[in-house]
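Lettering of chains follows the sequences in order, A, B, ..., and the numbering in each one begins at 1.
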Protein chains: 2
Amino acid sequence: MPQDKEKAILKITQEMIRRGGYNGFSFRNIAAAVGIKSSSVHYHYPTKEDLAVAAAQNYTNEFIDNLGEPADIVAQGGNPIESYVDAFRNVVLNKSGMCLCGVLAAEADNLPERVVAELNVFFEKNVEWLKNAYTAIGNTNNIEAKAVQTLSSLQGALVVANAGGNIEKFNLSVAHILDDTTGNS
Amino acid sequence: MPQDKEKAILKITQEMIRRGGYNGFSFRNIAAAVGIKSSSVHYHYPTKEDLAVAAAQNYTNEFIDNLGEPADIVAQGGNPIESYVDAFRNVVLNKSGMCLCGVLAAEADNLPERVVAELNVFFEKNVEWLKNAYTAIGNTNNIEAKAVQTLSSLQGALVVANAGGNIEKFNLSVAHILDDTTGNS
DNA sequence: GTCTATAATTTGATAGAC
DNA sequence: GTCTATCAAATTATAGAC
């Protein structure tokens, strides 16, 4: 199965970026983890930039897909903002490192522009999802601000949790987000 | 003046880390920027870990010193939380990249442990400062949670601003922080 | 698609002269 | 304290055989 190797490359690349950023992975590291040689990795992704762009795209699509549709969550009696916070909480609980686009965003000044462009796609799609989520729960005041605040609070909570590495600090950081979903403040 | 070179090394190292993280600087890069050779940088800081530790310590001390004392700010009619938000806003306005300890925290899993230890010092000192600040303005409910939330929100606001790079998004991200300093919610 | 082999560059680090 | 010279290792990337 030819495309399995390509998927394996993408998966391990994502994991490595989430722990060490753009310089946290190398063609040889990835090759060793997948069980092939570095030249074979280059066959699938000619340059490091290509590989990072593909990893960011794949991460973004998986992340958004995994969230589901805000309207569906509400229809099933759930709170989409709670779902969103849980998605980030699971990053800490599963010890998956950082949000791939969060860690790359921190290094953006030293990254190829095509990679930075993908980061913007991630952030735009997340703001869009959150705006739909706040709309879906009838929280319609200052939607844009609420969406950006929730996104940045969670990115920051991951940063803080990743330094000290405990879930309690993460939970403290995000407690205020859900307070906002019961009223319309 | 011998110690001037050492200070110059520390300064340029901080700048480079803030733009590219731990792998955003090299002994040769720094040497070139300071106007000496890489072996001279090694004389002042034997290993890369040593240099990163010194840069983190220096950054933390300068950052906290620059904030001043919360009680003094209140005594002069100011709002220390506003001062704190401004300190982060200036990072974006001055295009200084990221918070040095924020970008390193994102890469923590791939960093020498002595560097990670310094990150924890930064975060602890900041939480302490914020607790004093909330106390100084008479906002005494859930001080620990408020401090951690403000810190992580600002770290996240820098991450988001650093990807897209505009001050409007930063301002949107942090708007809610000051809303909290007028009441006691 | 994967391999061997290798090129070209960069990196952290050290020895020893001045 | 700074220099020249150098080392060993790692990195991105390519050529060509199978």
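No side-chain donor-acceptor contact under 3.5 Å links B/Y134 and B/T181. With 3.5 Å as the limit, one finds a donor-acceptor pair spanning the side chains of B/S26 and B/N29. Counted by atom type alone, B/D50 and B/T47 present one or more donor-acceptor pairs between their side chains at under 3.5 Å. For the residue pair A/Y22 / B/N23, no side-chain donor-acceptor distance below 3.5 Å is found, with atom types taken as modelled.
Atom pair A/I9:CD1 and D/dT12:P shows a separation of 14 Å (rounding to whole Å applied). Look at CG on A/D4: it is 13 Å from C1' on C/dG1, rounded to the nearest Å. Distance B/L51 CG to C/dT11 C1': 14 Å, rounded to the nearest Å.
Shown here for A/A106 and B/V103, the closest heavy-atom pair between the two residues is O-CG2, 3.7 Å.
Note on B/D86 versus B/R89: salt bridge recorded, some NZ/NE/NH1/NH2 to OD/OE distance being below 4.0 Å.
In terms of modelled atom types and a separation under 3.5 Å, the side chain of B/Q149 and the main chain of A/L172 share a donor-acceptor contact.
When the side-chain nitrogen and oxygen atoms of B/K48 are compared with OP1 and OP2 of C/dA13, none of them lie within a distance under 4.0 Å. At the phosphate of D/dG1, OP1 or OP2 sits under 4.0 Å from a side-chain N or O atom of B/Y43.
If you check residues 12-32 of chain A against DNA chain C, the residues with a heavy atom closer than 4.0 Å are A/R28, listed by number. DNA chain D is contacted by A/S39, A/H42 of residues 33-42 of chain A, taking any non-hydrogen atom closer than 4.0 Å.
A 6.0 Å sphere centred on NZ of B/K169 holds no more than 12 heavy atoms belonging to other residues, nucleotides or ligands.
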